[in-house]
Amino acid sequence: MSFVGPLGLSVRDRTLEADTQAGLTAVEEGLLEATKSDVPFITEAAQHLVRAGGKRFRPLLVLLAAQFGDPHAPGVVPSAVVVELTHLATLYHDDVMDEAEVRRGVSSANARWGNSVAVLTGDFLFARASHILADLGPEAVRIQAEAFERLVTGQILETAGPRDGRDPVEHYLDVLAGKTGSLIAVSGRFGAMMSGADESIVSILTQYGERLGMAFQLADDVLDIASDSHESGKTPGTDLREGVATLPVLYVREQAAATGSAEDRELCELLAGDLTDDARHAEVLRRLRAHPALERARRVTVRYAAEARSMLAPLPEGPAKKALEGLCDAVVHRAG
């Protein structure tokens, strides 16, 4: 048994493992090529996050989806580069919006070079992704444009917050579907489509990607509270410190409103306070870890992963299907 890609995905088939490893290597080369500029400073800024590494979750999904057609078809690796470039571009912009100082263990681009350079570098990556897309045909351009619109809409919805009367949990899940689900859905779609897979398989892998993307992000929400830094590779409670109300926090608020319990109201007051204060932050983390809201969020994560897995039922049996099922299991494992 070997492990490739993000989350320690186990691949038990040597041919699939070799294909996937070769594909990921080609994607890495493609990312470095796509981020080169005649201006050395632009190259440095554009390759900043590429060289910092990352899970490469989206390219892996492209490569696995391509196994249902010709995995060596010429459009497969370039489309994997496109989805990862798009993802990286959004990270540059997210870090500016969140005023983040660290990304993937290195200084964020905005902390290093300022907001203007970070935003423009993100735009540069979008431009390079579009350039590659143009060679993949008008249908690929249209699919990517629609996904990008959903991604931006999700970001705007997050910034604007739920409108009056809207359930905050529903609003949050809509935000995630746009911000995360849309691009992971495209990863499954591009892989199947570029490999020449049957249209029904393209549809299945698109829907699978959407649900897996939701599970993936929700697992991050749970992990942000439940894990220690050794386990997750990042500082626990980062979202809390930044004032991001993830699903467990929304469930705490919902329960406080429903039951009116003094303990829940007190936790809500702590959550509304200054969580850059280390003592307050530690106390909130401690309480959230013991709160039923965390387990409730974990169950929602598992539900989305189970839905993703069930989407795969009509696909032909084989190593690729097992690997895609393994991604669902890995996401659930991350959420504990």
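All values below come from the heavy atoms of this structure, side chains included, with hydrogens, waters and symmetry mates left out. Just so we're clear, the structure is a prediction, and the values are computed from it rather than from any experiment.
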Distance alone, cut at 3.5 Å: any donor-acceptor contact between the side chains of Gln207 and Ser203?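 Per modelled atom types, Gln207 and Ser203 side chains form a pair under 3.5 Å.
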Given the rule in the side chain to side chain contact (heavy atoms under 4.5 Å, CB included) test, do Asp19 and His72 qualify, once you have shown the distances and angles that lead to the verdict? CA-CA 9 Å; Asp19 267 0; His72 307 294; 3.1 Å; yes
Could you pull out the closest heavy-atom pair between [X] and [Y], with the gap in Å?
X	Y	result
Pro59	Leu24	CB-CD2, 4.4 Å
Ala140	Leu133	O-CD2, 3.6 Å
Arg309	Cys328	N-SG, 3.6 Å
Thr180	Gln217	OG1-OE1, 3.5 Å
Pro78	Pro74	CD-O, 3.2 Å
Ala185	Thr206	CB-O, 3.5 Å

Do [X] and [Y] come within less than 4.5 Å of each other through their side chains, counting heavy atoms only?
X	Y	result
Glu266	Arg287	yes
Pro162	Asp167	no
Gln155	His93	no
Val81	Arg128	no
Val244	Val249	no
Leu315	Leu205	yes
His281	Leu285	yes
Asp278	Arg241	yes

Find the distance between [atom1] ([X]) and [atom2] ([Y]) and round it off to the nearest 0.5 Å.
X	Y	atom1	atom2	value
Ile42	Leu125	CD1	CG	11.0 Å
Thr301	Asp221	OG1	CG	7.0 Å
Ile201	Arg189	CD1	CZ	15.0 Å
Asp164	Arg166	CG	CZ	12.5 Å
Leu324	Met311	CG	CE	12.5 Å
Leu61	Leu183	CG	CG	10.0 Å

Given the rule that I, L, V, M, F, W and Y join up when any side-chain heavy atoms are under 4.5 Å apart, are [X] and [Y] in one cluster?
X	Y	value
Val27	Leu91	yes
Leu312	Leu327	yes
Leu151	Leu49	yes
Leu136	Leu31	yes
Ile184	Val77	yes

Donor-acceptor pair, side chain of [X] and main chain of [Y], under 3.5 angstrom:
X	Y	value
Tyr304	Leu218	no
Asp224	Asp239	yes
Thr121	Ala46	no
Lys321	Ala313	yes
Arg289	Ser227	yes
His171	Leu157	yes
Gln47	Leu32	yes
Arg265	Gly260	yes
Arg296	Leu247	no
Ser195	Ala192	yes

Give a yes or no on whether Glu283 atom CD has more than 12 heavy-atom contacts from other residues, nucleotides or ligands under 6.0 Å away.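 Above 12, so yes.
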Answer yes or no: does atom CD of Glu263 have more than 12 heavy-atom neighbours from other residues, nucleotides or ligands under 6.0 Å?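 Result for CD/Glu263: open.
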Run the side chain to side chain contact (heavy atoms under 4.5 Å, CB included) check on Glu84 and Leu88 step by step: do they pass? CA-CA 6 Å; Glu84 189 66 8; Leu88 288 169; 4.3 Å; yes
Give me the ring orientation class for Phe57 and Phe216: parallel if the planes are under 30° apart, tilted from 30 to 60°, perpendicular past 60°.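 Because their plane-to-plane angle is under 30°, the rings of Phe57 and Phe216 count as parallel.
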Identify whether the distance between the nearest side-chain nitrogen and carboxylate oxygen of Glu139 and Arg142 falls below 4.0 Å.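 Yes, this pair counts.
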Take Asp123 and Tyr92 through the side chain to side chain contact (heavy atoms under 4.5 Å, CB included) test and state the conclusion after the steps. CA-CA 9 Å; Asp123 292 345; Tyr92 280 84; over 6 Å; no
Should Thr25 and Glu29 be marked as a side chain to side chain donor-acceptor pair (under 3.5 Å) after you check the CA-CA gap, both sets of side-chain angles, and the distance that decides it? CA-CA 6 Å; Thr25 300; Glu29 290 167 0; over 6 Å; no
Tell me, with the steps shown, if Arg150 and Glu146 meet salt bridge (charged side-chain N to carboxylate O under 4.0 Å, His left out). CA-CA 6 Å; Arg150 284 189 62 203; Glu146 286 172 356; over 6 Å; no
Stepwise, does the side chain to side chain contact (heavy atoms under 4.5 Å, CB included) test hold for Thr90 with Phe126? CA-CA 9 Å; Thr90 65; Phe126 284 130; 4.0 Å; yes
